[in-house]
Amino acid sequence: MPCTVITGAFWGDEGKGKLISYLALKDKLDVCVRTGSVNAAHTVWIEGKRYALHMVPAAFVYEKCRLLIGVGSNVHVAQFLKEVEETNVKNRIGVDTQASIIEEKHSAQDKTSTHLKGLGTTGWGVGPAVEERVRRTAKLAKDIPELKAYLTDVAEETNGAIDAGKNVLLEGTQGLLLSLFHGTYPYVTSRDTSASAVCSEAGVGPTKIDDVLVVFKSFITRVGTGPFPGELTKEEAMKRGWFETAAGTGRDRRSAPFNFELAKKAVMINGATQAAVTKLDVLYPACRGTKSFDELPKEAKQFIMDVEKQTGVPVVLIGTGQEALDIIDRRK
Ligand code: IMP
Ligand code: MG
């Protein structure tokens with residue numbers, strides 16, 4: 001902090017939601033700006049309750065945090081209103097006036113296009129909605145009566161908060177390898193997912209960023225089609241306890257061991273200054289719930305040190321369980 005970008009290293013689902021919820025509570029975040037769209041689900045566990053958020057920033061768990069949806073986002077109005085209700089954030093969430101709107105027709109186009117189906121899209125319609133933005137025919141948040149009460153200038157608010165020295169987090173969604181530019185094209189999403197693009201979607205310039213926190217999971221997962229080095233069979237993934245299903249679509253996630261080359265690429269392109277490693281307890285069950293690095297088993301410590309050595313960035317946060325506060329925090 002004060003201004004940090006959090007971004008995924010691989011194909012999304014690294015556990016950004018959990019880390020954001022931790023940072024919100026621990027650092028008393030003043031502002032959190034969500035980027036990307038409804039295709040990404042951020043999972044947050046708080047006091048035994050699970051949230052899979054497609055629109056509302058994961059920092060909602062800290063009740064004083066101002067929540068914003070950036071100008072580069074695509075807003076699914078029904079999902080937004082549903083989550084605002086569920087998380088009870090009506091009085092502290094804002095949507096940028098010029099954010100784009102995803103309509104039902106976009107989802108229908110996504111689901112019926114053989115090309116998009118072949119890429120294994122989530123079916124929410126984000127690709128077709130982005131196409132419409134590029135064609136300059138998209139509806140914007142300011143055109144939607146239900147959003148009137150939420151409209152704001154996210155860049156103004158966010159830069160104002162940064163200039164006032166407040167704690168600001170820019171919430172990246174998905175992961176670098178799903179990036180339209182840097183990912184495994186054409187098996188990618190419809191936006192750039194790198195830290196620079198997160199800044200752009202929020203309306204914050206690169207000189208305003210103090211830290212870029214790249215999130216690694218202890219093993220790698222991917223949903224949808226496309227290349228996936230080191231992929232395990234579903235049986236092997238289950239045996240190792242790595243088998244997961246997608247928070248958003250419920251689809252099976254494919255899994256593979258941690259990949260240092262991909263981690264290095266993520267650090268480079270995101271300009272990461274810090275890293276987090278999530279789900280260390282899945283790799284080493286003895287870590288579960290641990291809050292101190294010294295208490296980790298030797299192999300687990302060694303894995304973290306290998307990540308630091310190979311990527312050149314410090315691993316400052318380590319996830320050891322599903323709840324927001326199950327974290328080893330090595331900052332300061
Ligand atoms: P789309 O973003 O729905 O167009 O899907 C394009 C590709 O990105 C597919 O492989 C999806 O499974 C993947 N994808 C999109 N959002 C996420 C996410 O939040 N987590 C993981 N994969 C995602
Ligand atoms: Mg997810």
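In listed order, ligands and their atoms are each counted from 1. No hydrogens, no waters, no symmetry mates; every other heavy atom, side chains included, goes into these values.
Look at Lys239 and Glu235 and you find no salt bridge, because none of the NZ, NE, NH1 or NH2 atoms lies under 4.0 Å from a carboxylate O. For Arg288 and Asp326, the salt-bridge test fails: no basic side-chain N is under 4.0 Å from an acidic carboxylate O. In summary, Glu244 and Lys279 engage in a salt bridge, as defined by a charged side-chain N under 4.0 Å from a carboxylate O. Classification of Arg240 and Glu236 as a salt-bridged pair holds, one side-chain N sitting under 4.0 Å from a carboxylate O. The pair Glu323-Lys18 does not meet the salt-bridge criterion, since no charged nitrogen lies less than 4.0 angstrom from a carboxylate oxygen.
Under 4.0 Å from ligand 1, the heavy atoms of Leu178 that appear belong solely to its side chain. When non-hydrogen atoms are compared, ligand 1 lies under 4.0 Å from the backbone of Val188 (N, CA, C, O) but not from its side chain. If you look at Leu119 next to ligand 1, the close heavy atoms, those under 4.0 Å, all belong to the backbone. At a 4.0 Å heavy-atom cut-off, ligand 1 touches Arg251 through the side chain alone.
A donor-acceptor pair shorter than 3.5 Å can be found between the side chains of Gln302 and Asp306. Side chain to side chain, Glu171 and His42 meet the donor-acceptor criterion of an N or O pair below 3.5 Å.
Between Ser190 and ligand 1, no pair of N/O atoms sits closer than 3.5 Å. Looking at Asp110 next to ligand 1, no N or O pair under 3.5 Å apart turns up.
Short contacts between ligand 1 and Val223, defined as distances under 4.0 Å to a heavy atom of the residue, involve ligand atoms 10 (O), 12 (O), 21 (C), 22 (N). Proximity to Thr189 (heavy-atom distance under 4.0 Å) selects the following atoms of ligand 1: 1 (P), 2 (O), 6 (C). Shown in contact with Thr122 at under 4.0 Å from a heavy atom are these atoms of ligand 1, numbered in order with element: 1 (P), 3 (O), 5 (O), 15 (C). Residue Gly120 approaches ligand 1 through these ligand atoms, each under 4.0 Å from one of its heavy atoms: 9 (C), 10 (O), 11 (C), 12 (O).
The line from SG of Cys65 to CG of Leu67 is 5.0 Å long, rounded to the nearest 0.5 Å.
Protein heavy atom nearest atom 19 (O) of ligand 1, with residue, atom name and distance: Ala40 CA, 3.0 Å. In terms of protein heavy-atom proximity, atom 17 (C) of ligand 1 is nearest to Gln174 NE2, 3.7 Å.
The Mg ion (ligand 2) has no N, O or S atom of Ala52 inside 2.8 Å of it.
What you find for Thr87 and Leu53 is that their closest heavy atoms are CG2-CD2, 3.9 Å.
Within the structure, ligand 1 has Trp11 among the residues with a heavy atom less than 4.0 angstrom away.
Taking the six-membered ring where the residue is Trp, the centroids of Trp124 and His54 are separated by under 6.0 Å.
The closest heavy-atom contact to atom 1 (P) of ligand 1, among the options Asp13, Thr184, Thr121, comes from Thr121.
Residue Asp13 approaches the Mg ion (ligand 2) most closely through its N/O/S atom OD1.
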